[in-house]
Student: 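Sharing a structure with you now.
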Amino acid sequence: MRVVSGIQPTGNLHLGNYLGAIKQWVAMQDAVAAQGGECLFFLADLHALTQPVIAAELAANTIDMAATLIACGIDPAKAILFNQARVPAHSELAWILGGTARMGWLNRMTQWKDKAGKNREGASVGLFTYPVLQAADVLVYQATHVPVGEDQKQHLELARDIATKFNADFAVELFPLPEPLVSEAAPRIMSLRDGSAKMSKSDPSDASRINLIDDDDAIAQKIKKAKTDPEPLPESLEALAQRPEARNLVTIYAALADERPEAVIARFAGQGFGSFKPALADLAVAVLAPIRSRLLALREDRAAVARALVTGAERAEAIARPTLLAAQAAVGLQV
């Protein structure tokens with residue numbers, strides 16, 4: 001089993017990023033390692049170039065993201081952690097696969113339509129073709145599984161289509177078809193100020209999110225001021241269907257405590273938020289304080305984080321290189 005996944009290097013991650021993705025990666029890393037498999041987690045700095053970037057910020061964010069992943073529990077000794085640009089095989093295979101992918105396939109990509117909007121002529125070529133790079137990201141490692149959310153299922157299907165067509169066009173069995181890995185435990189964490197909006201660092205209100213670098217007091221205050229309603233917690237999860245803010249806080253508690261939301265409801269049924277919020281604040285502080293402490297320490301030793309990425313890239317390159325050479329040979333690039 002070989003699992004491959006990437007994340008764009010953005011700064012200042014929050015609780016939604018941790019509970020919705022990174023925590024799942026940590027669990028995956030441990031489970032796959034126990035089975036004798038491999039996890040490759042990369043910082044998608046090449047993908048970041050599809051939008052305008054400031055060079056110094058991208059470089060700093062890449063180190064910060066790596067530090068955050070390590071602080072949250074990604075172990076470079078168990079998983080292969082690297083930044084995409086350090087492994088040229090990603091870009092080289094993407095160019096080869098560009099000859100296999102079809103314009104019609106890319107034109108149908110929902111994210112292309114959403115991100116380009118009405119200004120398609122002004123959008124970057126990279127924004128249009130980055131699903132081909134995504135395909136290369138996983139196919140170059142002959143990944144068996146790829147963690148996906150709802151917004152990435154279409155891109156994994158494209159990778160499978162590209163792999164199938166390449167194998168058929170050149171009469172090879174080079175690329176296995178990666179399977180989606182959907183974590184049922186991954187919660188969707190919403191804004192503390194609006195239960196209908198996803199928690200986001202782009203929200204102008206800092207009170208809408210809990211940042212991973214927030215101190216204990218800030219965490220407690222944000223939870224205390226989180227939007228709720230006057231009703232106590234019900235006896236069933238279904239009764240929260242029309243109470244998005246209340247359901248969000250229950251979801252956060254369950255994810256932090258590694259419990260089912262139903263178990264949280266059973267424990268706090270009938271209690272108001274005057275009792276529930278302090279319990280949630282205490283739990284959040286207990287879970288996030290060690291992460292913050294490790295993150296701040298890693299930020300003080302950025303050179304060590306950079307070295308970890310170099311080592312990870314060397315390990316990734318060793319896996320990717322034979323696949324790239326085989327793809328080059330299949331299309332006649334090795335003479």
Side-chain angles (χ1 to χ4, degrees), residues 1-9 32 37-50 58 62 79-109 111-112 124-148 152 154-181 309-335:
M1 184 174 185
R2 181 174 289 153
V3 178
V4 178
S5 191
I7 187 170
Q8 286 217 27
V32 172
E38 293 176 301
C39 282
L40 293 95
F41 299 130
F42 65 90
L43 309 177
D45 46 3
L46 291 177
H47 284 291
L49 301 180
T50 61
L58 177 57
T62 299
I80 300 176
L81 178 65
F82 62 102
N83 60 302
Q84 185 186 26
R86 288 186 186 274
V87 183
H90 286 251
S91 301
E92 294 180 58
L93 183 60
W95 184 257
I96 293 173
L97 297 182
T100 299
R102 292 291 169 259
M103 292 283 290
W105 299 353
L106 297 180
N107 267 320
R108 289 193 292 271
M109 293 292 104
Q111 288 201 22
W112 158 248
S124 73
V125 172
L127 186 62
F128 182 71
T129 61
Y130 85 90
V132 180
L133 177 57
Q134 280 190 324
D137 293 335
V138 297
L139 297 180
V140 78
Y141 298 108
Q142 301 198 349
T144 60
H145 295 81
V146 178
V148 292
Q152 291 297 329
Q154 189 184 32
H155 287 175
L156 183 58
E157 285 300 319
L158 176 70
R160 290 168 58 90
D161 288 344
I162 291 173
T164 298
K165 181 170 172 50
F166 185 96
N167 289 343
D169 286 352
F170 298 102
V172 294
E173 295 183 2
L174 178 57
F175 299 123
L177 304 186
E179 296 290 338
L181 200 59
L309 292 179
V310 170
T311 300
E314 291 171 350
R315 295 170 64 195
E317 178 70 23
I319 298 171
R321 194 68 185 168
T323 302
L324 174 64
L325 293 176
Q328 289 174 338
V331 300
L333 292 180
Q334 292 190 19
V335 294

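Keep in mind that what you see is a predicted model, and the values were worked out from it rather than measured.
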Student: On a heavy-atom basis, which atom in Ala313 and which in Val87 lie closest, and how many Å separate them?
Tutor: O-CG2, 3.8 Å
Student: Can you sort out the partners of Gln134 under side chain to side chain donor-acceptor pair (under 3.5 Å), two or more places apart, ordered by chain and number?
Tutor: Gln152, His155
Student: Could you work out, with side-chain contact (heavy atoms from CB on, under 4.5 Å) as the rule, every residue matching Asp45, not counting sequence neighbours?
Tutor: Pro9, Leu58, Thr62, Asn83, Gln84, Ala85
Student: Can you name the ring-ring contact (aromatic ring centres under 6.0 Å, His included) partners of Phe42, sequence neighbours left out?
Tutor: Phe82, His90
Student: Who are the ring-ring contact (aromatic ring centres under 6.0 Å, His included) partners of Trp112, not counting sequence neighbours?
Tutor: Phe128
Student: Only counting residues at least two apart or in another chain, list the ones meeting salt bridge (Lys or Arg N to Asp or Glu O under 4.0 Å) with Asp169.
Tutor: Lys165
Student: Just verifying a value: how many Å separate Leu46 CG and Gln8 CD, rounded to the nearest 0.5 Å?
Tutor: 10.0 Å
Student: Report the distance from atom OG1 of Thr144 to atom CD of Glu38, rounding to the nearest 0.5 Å.
Tutor: 9.5 Å
Student: Would you please name every residue forming a salt bridge (Lys or Arg N to Asp or Glu O under 4.0 Å) with Arg160, sequence neighbours left out?
Tutor: Glu179
Student: Partners of Glu157 by salt bridge (Lys or Arg N to Asp or Glu O under 4.0 Å), sequence neighbours excluded?
Tutor: none
Student: Please tabulate, for side-chain N and O atoms in residues 91-103, each donor-acceptor pair with protein atoms closer than 3.5 Å (sequence neighbours left out).
Tutor:
unit_1	atom_1	unit_2	atom_2	d
Arg102	NH1	Gly99	O	3.4
Arg102	NH1	Thr100	O	3.3

Student: Are the side chains of Leu174 and Leu139 in touch, meaning some heavy atoms are under 4.5 Å apart?
Tutor: no
Student: Is a donor on one side and an acceptor on the other found under 3.5 Å between the side chain of Ser124 and the backbone of Leu127?
Tutor: yes
Student: Within a strict 4.5 Å, meaning less than it, do heavy atoms of the Val146 and Leu181 side chains meet?
Tutor: no
Student: If I take atom CG from residue Asp161 and atom CG from residue Leu156, how far apart are they, to the nearest 0.5 angstrom?
Tutor: 9.5 Å
Student: Ile162 versus Trp105: any side-chain heavy-atom pair under 4.5 Å?
Tutor: yes
Student: Which pair of non-hydrogen atoms, one from Ala143 and one from Pro176, has the smallest distance, and what is that distance?
Tutor: O-CG, 4.1 Å
Student: With sequence neighbours excluded, give me every salt bridge (charged side-chain N to carboxylate O under 4.0 Å, His left out) pair touching residues 132-142.
Tutor: none
Student: Step by step, work out the side-chain contact (heavy atoms from CB on, under 4.5 Å) result for Leu106 and Leu158.
Tutor: CA-CA 8 Å; Leu106 297 180; Leu158 176 70; 3.7 Å; yes
Student: Going by ring-ring contact (aromatic ring centres under 6.0 Å, His included), name the residues that satisfy it together with His47, two or more places apart in sequence or in a different chain.
Tutor: Tyr130
Student: Any non-hydrogen side-chain atom of Leu309 less than 4.5 Å from a side-chain atom of Leu81?
Tutor: yes
Student: With sequence neighbours excluded, tell me which residues meet salt bridge (Lys or Arg N to Asp or Glu O under 4.0 Å) with Arg86.
Tutor: none
Student: Donor-acceptor pairs under 3.5 Å, side chain of residues 316-331 to any protein atom, not counting sequence neighbours: which ones?
Tutor:
unit_1	atom_1	unit_2	atom_2	d
Thr323	OG1	Val140	O	3.2
Gln328	OE1	Gln334	NE2	3.2

Student: Going through the distances and angles, do Ile80 and Tyr141 end up as a side-chain contact (heavy atoms from CB on, under 4.5 Å)?
Tutor: CA-CA 12 Å; Ile80 300 176; Tyr141 298 108; over 6 Å; no
